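The basis for the numbers below is simple: all heavy atoms, side chains too, and nothing from hydrogens, waters or symmetry mates. None of these values were measured; they are calculated from a predicted model.
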Protein chains: 2
Amino acid sequence: MKRIADLSVFVSVVKAGSLSEASNDLGLSVASISKYISRIEQELGVRVLVRNARGLRLTSEGQALYVRVDTLLSQLNKAIAYVSACRDIPRGVLKVSSTIGLGRNRIAPLVSEFSKLYPDVTVQLSLGDRYVDMVLDDVDVAISIGAPEDTSLVAKRLMSNPCCVCASPAYLKGRKAPRHPKDLKRHDCLILDCHGSFKDQWRLEDEYGGQHHVKVSGNLITDNSETLREWALKGYGVALKSRWDIAEHLDRGELVQLMPRYRAPDLDFYMVYAGRDLLPAKTRAFITFLEENLERLKQPITDPVKA
Amino acid sequence: MKRIADLSVFVSVVKAGSLSEASNDLGLSVASISKYISRIEQELGVRVLVRNARGLRLTSEGQALYVRVDTLLSQLNKAIAYVSACRDIPRGVLKVSSTIGLGRNRIAPLVSEFSKLYPDVTVQLSLGDRYVDMVLDDVDVAISIGAPEDTSLVAKRLMSNPCCVCASPAYLKGRKAPRHPKDLKRHDCLILDCHGSFKDQWRLEDEYGGQHHVKVSGNLITDNSETLREWALKGYGVALKSRWDIAEHLDRGELVQLMPRYRAPDLDFYMVYAGRDLLPAKTRAFITFLEENLERLKQPITDPVKA
DNA sequence: GCGCGGCTTTGCGGTGCTCGAAAAGGCGCG
DNA sequence: CGCGCCTTTTCGAGCACCGCAAAGCCGCGC
């Protein structure tokens, strides 16, 4: 038994009471319906409908088939309809992952708002700076720094995220602040463990477009960007951080930018999701919601713990 | 969603964990399976399996589909398997109809025996001399007098059933017994209402093959052959009865055969069932059972009420 | 860095299925 | 006996589905 349609036609015929009646209901030719029934009987090896010019009758096998299959088919259709409706009706569990900094401060509030707009959607927000595999991990939308290489994914840039080299005054005290990228070699650099590979290759661009690659080194490595910030604040070393992430600390002088004439490449925020087609409504809703609230994402960070 | 196979493949893929694994289980090429999944997603409009070179993951819609469909499909398969098994395993309700005389005396005992042989078969024996429509009425096997005209039915002759004209001594007292078919016109004839049409055309054949048609008349008509017999026994008229039916009465002299040199055409017993193909095992079992016990059917009748 | 192997997808051609229209057959009714 | 209603059969066109083979993608190991 390969086709649902066979059983479906059978059920319809039983309900209609004749092939020609069912033909109207189903929009199939009578000839087709006759062949459907015949095929069922061939496959089962048992007559289910005794039919001749005078009318139809269910055999007891047909009766047995009918009562079992009728409810099962309608349940099956309901199940299919439910899933199919997810294309148009936002509902179900939406899994969002985000980097920690942005997540805690910007995404989380937006998520709670989104959740109010779509009460049938349960948002599951997971924060972390480690690499997120959209396939293996269970994520519908990921907000990440930098676009993934995976070509099957769609990455939309949410906002620019310029970076800078910085350190705390405490660290700089008694040290000679670097004036040139190559000076970094003599400093304790705080290294981000990003996507499993250490970010110890810093690229800096001078005012004239010259590229300077430095392989930095240090004894502290973390995959958590907030920890990196903490370390920098406590004077453990020189960090390459996004300005957005440390704006308030720069303002308050808790961190100072080093070598302002050398720009680190932007590590922009991206919204990543799997393909443009076949997205469920919940995901599309979230994506457009995020795009519509882009402005609120861009406001400088304020640590909620201290606020 | 037209094909059960689509969903079935989907479930298998989820269980197997990869297309290639499922390919082994199902005996389909990987390419085919890939197209199955794609087709499901196109039909539903929602991605159910995120898949790339690194592995598979159910989306939450896929998860919803899987949990719903898995059990439904197995139930559906069970239902189909149950009905399909009826081809080989005798079980279920078997509806048998029979003429009253033979039914009470011969078929009923055989039915009870049959029922012991096949405990999973419930036999529903319905007795009556009225016409049985194999299609509209709910009958698997009919034992009838004479073969039906319906060409879609199979009629197997069970045994010969010679007939004779008879009356009781009480009726004949003071009357002149008929010596020739045309004499019947002057007698009260008991008429059988057979299949809705009155059997008032009696055909008799003389020793030399000559055919004599007589339209008889009388005031008593019944569709019940036993009632006809009772009437004849009570002397209400002349009856055309099967010898088999009245053997004991002839033996005891309660009825006497009239015009023994004129033979009425045989009204043989037939076993009628719907087609040779697609018969469920229960019906085939009953048919062969009846054929194997033909000899016991042929023994002369003994009214169980009087025995 | 580069090829290898495993995974999925895509393109292709042939087979077989499924469709509707039309013809055929059965049956009841007038 | 023809008419109307029902189902089945036949037939040709079109499409769906299959497996094969090639391609794309990724991670691993040399």
Side-chain angles (χ1 to χ4, degrees), chain A residues 1-6 8-10 12-14 16-43 47-58 131 133-136 148-153 195-197 274-275 277-278, chain B residues 1-6 8-10 12-14 16-43 47-58 131 133-136 148-153 195-197 274-275 277-278:
Chain A
M1 184 65 52
K2 298 166 84 171
R3 305 179 111 250
I4 291 179
D6 288 9
S8 192
V9 165
F10 166 68
S12 295
V13 168
V14 172
S18 79
L19 299 206
S20 40
E21 185 73 14
S23 161
N24 295 331
D25 301 350
L26 296 173
L28 279 174
S29 72
V30 177
S32 238
I33 294 180
S34 167
K35 279 177 276 194
Y36 271 88
I37 304 295
S38 296
R39 190 168 56 233
I40 289 180
E41 293 180 331
Q42 289 302 326
E43 285 177 3
R47 172 137 296 147
V48 291
L49 272 177
V50 180
R51 47 205 185 278
N52 65 13
R54 286 189 299 289
L56 296 182
R57 173 177 69 86
L58 275 174
Y131 177 63
D133 185 326
M134 297 283 295
V135 172
L136 297 181
E149 292 152 11
D150 192 329
T151 52
S152 72
L153 301 175
H195 303 188
S197 71
D277 300 331
L278 300 173
Chain B
M1 185 64 54
K2 298 167 83 174
R3 306 181 109 248
I4 291 179
D6 287 10
S8 190
V9 165
F10 167 68
S12 294
V13 167
V14 172
S18 79
L19 300 205
S20 39
E21 186 72 16
S23 162
N24 295 332
D25 301 349
L26 296 173
L28 280 174
S29 71
V30 177
S32 235
I33 294 179
S34 167
K35 280 178 267 195
Y36 271 88
I37 303 295
S38 295
R39 191 168 56 231
I40 289 180
E41 293 180 333
Q42 288 302 325
E43 286 177 2
R47 173 136 297 148
V48 291
L49 271 177
V50 180
R51 45 205 186 280
N52 67 11
R54 285 189 301 288
L56 296 182
R57 174 176 68 87
L58 274 174
Y131 178 64
D133 186 326
M134 297 283 296
V135 173
L136 297 181
E149 291 152 12
D150 192 328
T151 53
S152 73
L153 301 175
H195 302 189
S197 71
D277 300 330
L278 300 173

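A straight line from CG of A:Leu26 to P of C:dC19 spans 11 Å, rounded to a whole angstrom. With rounding to whole Å, B:Leu28 atom CG is found 16 Å from C:dT8 atom C1'. Taking atom CD of residue B:Glu41 and atom P of nucleotide C:dT10, one finds them 11 Å apart after rounding to whole Å. Taking atom CG on B:Leu49 and atom P on C:dC7, their separation rounds to 16 Å, with Å as the unit. Across the protein-nucleic acid pair, A:Asp6 atom CG and C:dC17 atom C1' stand 11 Å apart, rounded to whole Å. Look at CD1 on A:Ile40: it is 12 Å from P on D:dT8, rounded to the nearest Å. Look at CD on B:Glu21: it is 10 Å from P on C:dT8, rounded to the nearest Å. For B:Ile37 and C:dC7, the CD1 to P distance is 16 Å, given to the nearest whole Å.
Set against D:dT7, D:dG19, C:dT9, the side chain of B:Arg51 has C:dT9 as its closest nucleotide. When distances are taken from the side chain of A:Ser32 to each of C:dT8, D:dT7, C:dG20, the shortest belongs to C:dG20. Distances were taken from every side-chain heavy atom of B:Ser34 (C-beta onward) to each of C:dT10, D:dC17, C:dC19; the shortest belongs to C:dT10. Ranking D:dG19, C:dA21, D:dT7 by closeness to the B:Ser29 side chain, first place goes to D:dG19. Distance from the side chain of B:Tyr36 is smallest for D:dC18 among the nucleotides C:dT9, C:dG20, D:dC18. When the nucleotides D:dT8, D:dC6, D:dC17 are ranked by their closest atom to the side chain of A:Leu19, D:dT8 comes out on top. Distances were taken from every side-chain heavy atom of B:Ala31 (C-beta onward) to each of C:dT10, C:dC19, D:dC18; the shortest belongs to C:dT10.
Atom NZ in B:Lys35 sits 14.0 Å away from atom CD in B:Gln42 (nearest 0.5 Å). In this structure, CZ in A:Phe10 is found 14.0 Å from CZ in A:Arg39, a value given to the nearest 0.5 Å.
Among the heavy atoms of the strands, none lies under 4.0 Å from B:Ile33. Within the nucleic acid shown, A:Ser38 has no heavy atom closer than 4.0 Å to any nucleic acid atom. Using a 4.0 Å heavy-atom cutoff across all strands shown, A:Gly17 reaches no nucleic acid atom at all.
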Show, in sequence, the C-alpha distance, side-chain angles and deciding distance for A:Ser12 and A:Asp25, and conclude whether the side chain to side chain contact (heavy atoms under 4.5 Å, CB included) test is met.
CA-CA 8 Å; A:Ser12 295; A:Asp25 301 350; 5.8 Å; no
Please evaluate residues B:Leu58 and B:Leu49 with respect to the criterion side chain to side chain contact (heavy atoms under 4.5 Å, CB included), reporting the C-alpha separation (whole Å), side-chain torsions for both, the decisive distance (0.1 Å), and the verdict.
CA-CA 5 Å; B:Leu58 274 174; B:Leu49 271 177; 3.8 Å; yes
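For the pair B:Arg39 and D:dA16, the criterion of a side-chain N or O lying under 4.0 Å from OP1 or OP2 is not met. Dashed line: the shortest gap from a side-chain N or O of A:Arg3 to OP1 or OP2 of C:dC17 is not under 4.0 Å.
The side-chain contact (heavy atoms from CB on, under 4.5 Å) test with B:Tyr36 is passed by exactly one of B:Leu28, B:Val13, B:Leu19: B:Leu28.
A donor-acceptor contact under 3.5 Å is not formed by the side chain of B:Lys35 with the base of C:dT8.
Checked by atom type and distance alone, the side chain of A:Ser38 pairs as donor or acceptor with a backbone atom of A:Ser34 at under 3.5 Å.
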